[in-house]
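Written out below as structure tokens is the structure these notes cover.
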Amino acid sequence: MLEDIVKNYLIDNKGKDTALFDKPDLQVSDLKLDSLDMVEMLFEIEDRCGFQLPDPMRYAQMSFSAMLADIESAIRAHDNGELPESDLQASK
């Protein structure tokens with residue numbers, strides 16, 4: 001679900017090509033996001049989860065899958081090990 005939120009946000013709001021996400025070794029840097037794009041992308045997640053993720057620019061040097069795993073880990077740490085699916089499924 002988290003992956004879908006991020007992908008859909010980047011496709012719908014940042015005009016990223018859906019084919020980019022088919023690459024198994026996709027790097028966040030391949031998405032060519034500037035610092036504002038990164039912050040806005042994370043706001044989408046933060047709004048659904050109810051807390052702020054620290055240092056969004058640390059993701060710029062990660063693979064896309066590592067970024068998703070890190071974000072999920074932060075969400076779980078904030079929510080006592082749970083992934084609040086209802087918040088992540090909420091519409092914009």
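- At least one side-chain heavy atom of L31 sits under 4.5 Å from a side-chain heavy atom of F21.
- Remark: I75 CD1 to L53 CG distance equals 6.5 Å, nearest 0.5 Å.
- With values rounded to the nearest 0.5 angstrom, L33 atom CG is found 9.5 Å from L42 atom CG.
- Atom CD of Q27 sits about 11.5 Å away from atom NZ of K32, to the nearest 0.5 Å.
- Here S35 contributes atom OG and M57 contributes atom CE; the two are 5.5 Å apart, rounded to the nearest 0.5 Å.
- Applying the salt bridge (Lys or Arg N to Asp or Glu O under 4.0 Å) definition to pairs two or more places apart or across chains, those involving residues 14-23 are K14-D37, K14-E40, K23-D30.
- Counting only distance, with no hydrogens or angles, the side chain of D70 and the backbone of A66 share no donor-acceptor pair below 3.5 Å.
- Every residue meeting the salt bridge (charged side-chain N to carboxylate O under 4.0 Å, His left out) condition with E3, not counting sequence neighbours, appears here in chain and number order: K7.
- Smallest separation of non-hydrogen atoms from R48 and E44: NH2-OE2, 3.0 Å.
- I11 and L2 fall within the same hydrophobic cluster, defined by Ile, Leu, Val, Met, Phe, Trp and Tyr side-chain heavy atoms under 4.5 Å apart, directly or through other members.
- Residue F43 is not grouped with residue V28 when hydrophobic side chains (ILVMFWY) are merged at heavy-atom distances under 4.5 angstrom, including chains of intermediate members.
- In this structure, CE on M67 lies 12.0 Å from CD on E72, to the nearest 0.5 angstrom.
- In this structure, the separation between CZ on F64 and OH on Y59 is 12.0 Å, given to the nearest 0.5 Å.
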